[in-house]
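Notes follow the structure.
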Amino acid sequence: AQRVTQPEKLLSVFKGAPVELKCNYSYSGSPELFWYVQYSRQRLQLLLRHISRESIKGFTADLNKGETSFHLKKPFAQEEDSAMYYCALSDSGGSNYKLTFGKGTLLTVNP
Amino acid sequence: GAGVSQSPRYKVAKRGQDVALRCDPISGHVSLFWYQQALGQGPEFLTYFQNEAQLDKSGLPSDRFFAERPEGSVSTLKIQRTQQEDSAVYLCASSPRRVHLKNIQYFGAGTRLSVL
């Protein structure tokens, strides 16, 4: 069975500090990993996906298959980054693209 | 353009009542997903449609839950004889399934169901 673990429920940093949101996964197939974000009073939206290898809003995430991790990083956090972040996994080789989500990490960036 | 639309946004039901939750996906999106998000948890998969075909309903928690998408666009999630444990936010997502966009799901704002 596939599983996504986000060990930190809450993470609080100061503006300008580096931030890392941890995500570990368990999956026997070929996974595709995502980070979704939910800002206050907004809907869940895609932040980035590992196959795009993009930096979105200064965030990056590298898939480490050896450690089965997909940690989200930003070198200098901004107050507007405060939100709920969900790591998610999908089967890239199948025909059903359902997402398996972690429980989420609430990031608070203090001024 | 318009995103995924869900209605109602909030629903309060008495235990034992039947409820119907509606999802209007983004026009032209082939795939449609329903998720259940309990308080303090991440969304959990309920069911998946490709056009009008329900290809996976493995996440539906009981036979009280039923989903349909008869014309391959609007979908309805029905919960019969609601129980308190059904209280959650129900999220709908759609996906275009074009190869370079596959796996990207666009979420609605959700329906918050409270069963008293």
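A quick note: this is a predicted structure, and the numbers were derived from the prediction, not measured. The chains referred to below are lettered A, B, ... by the order of the sequence lines, with proteins before strands, and numbering in each begins at 1.
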Quiz item: Between B/Tyr35 and A/Leu99, what is the shortest heavy-atom contact and its length?
Solution: OH-N, 3.0 Å

Practice problem: Check for a donor-acceptor pair, side chain of A/Arg43 on one end and backbone N or O of B/Val4 on the other, with a separation under 3.5 Å. | Solution: yes

Self-check item: Atom of A/Lys103, atom of B/Gln41 and distance for their closest heavy-atom approach
Solution: CE-OE1, 3.1 Å

Quiz item: Is it the case that more than 12 heavy atoms not belonging to B/Glu85 sit under 6.0 Å from its CD atom?
Solution: yes

Quiz item: Counting only heavy atoms not in A/Glu80, do more than 12 fall under 6.0 Å of its CD?
Solution: yes

Quiz item: If you draw a 6.0 Å radius around CZ in A/Phe76, do more than 12 non-hydrogen atoms from other residues or ligands fall strictly inside?
Solution: no

Quiz item: Can you tell me how far CD of A/Gln2 sits from CZ of B/Phe45, rounded to the nearest 0.5 angstrom?
Solution: 10.0 Å

Quiz item: Hey, any chance B/Val74 and B/Tyr90 share a hydrophobic cluster, counting ILVMFWY side chains that come within less than 4.5 Å of each other, even indirectly?
Solution: no

Quiz item: Same cluster or not: are A/Leu10 and A/Phe101 linked, directly or through other Ile, Leu, Val, Met, Phe, Trp or Tyr residues, by side-chain heavy atoms under 4.5 angstrom apart?
Solution: yes

Quiz item: Is there a path from A/Val109 to A/Ile56 through hydrophobic residues (I, L, V, M, F, W, Y) whose side chains come within less than 4.5 Å of each other?
Solution: yes

Exercise. Could you walk me through whether A/Gln38 and B/Phe107 pass the side chain to side chain contact (heavy atoms under 4.5 Å, CB included) test, one step at a time?
Key: CA-CA 11 Å; A/Gln38 188 166 25; B/Phe107 283 82; over 6 Å; no

Self-check item: side chain to side chain contact (heavy atoms under 4.5 Å, CB included) between A/Ser90 and B/Gln105, worked out
Solution: CA-CA 11 Å; A/Ser90 177; B/Gln105 295 185 21; 5.9 Å; no

Hey, can you pull the donor-acceptor pairs under 3.5 Å for the side chains in residues 60-70 of chain B, sequence neighbours left out?
| residue | atom | partner | partner atom | Å |
| --- | --- | --- | --- | --- |
| B/Ser62 | OG | B/Arg64 | N | 3.1 |
| B/Arg64 | NH1 | B/Gln80 | O | 3.0 |
| B/Arg64 | NH1 | B/Arg81 | O | 3.1 |
| B/Arg64 | NH1 | B/Asp86 | OD2 | 2.8 |
| B/Arg64 | NH2 | B/Asp86 | OD1 | 3.0 |
| B/Arg64 | NH2 | B/Asp86 | OD2 | 3.2 |
| B/Glu68 | OE2 | B/Lys78 | NZ | 3.4 |
| B/Arg69 | NE | B/Gly72 | O | 3.3 |
| B/Arg69 | NE | B/Ser73 | O | 2.8 |
| B/Arg69 | NH1 | B/Val30 | O | 2.6 |
| B/Arg69 | NH1 | B/Asn51 | O | 3.0 |
| B/Arg69 | NH2 | B/His29 | O | 3.0 |
| B/Arg69 | NH2 | B/Gly72 | O | 3.0 |

Self-check item: For A/Lys9 against B/Gly40, the heavy-atom pair lying closest together
Solution: NZ-O, 3.5 Å

Practice problem: Heavy-atom pairs under 4.5 Å with chain A are the metric here; pick the option from B/Pro43, B/Ala109, B/Gly42 that has the most. | Solution: B/Pro43

Quiz item: Could you state the interatomic distance from CD (B/Gln37) to CG (A/Leu44), rounded to the nearest 0.5 Å?
Solution: 7.0 Å

Exercise. Assess the pair A/Tyr97 and B/Phe33: is the distance between their ring centroids shorter than 6.0 Å?
Key: no

Quiz item: Around B/Leu116, counting heavy atoms of other residues, nucleotides and ligands shown, do more than 12 lie under 6.0 Å from its CG?
Solution: yes

Practice problem: Look only at the side chain of B/Tyr106 and the backbone of A/Gln45, and say whether a donor-acceptor pair between them is shorter than 3.5 Å. | Solution: no

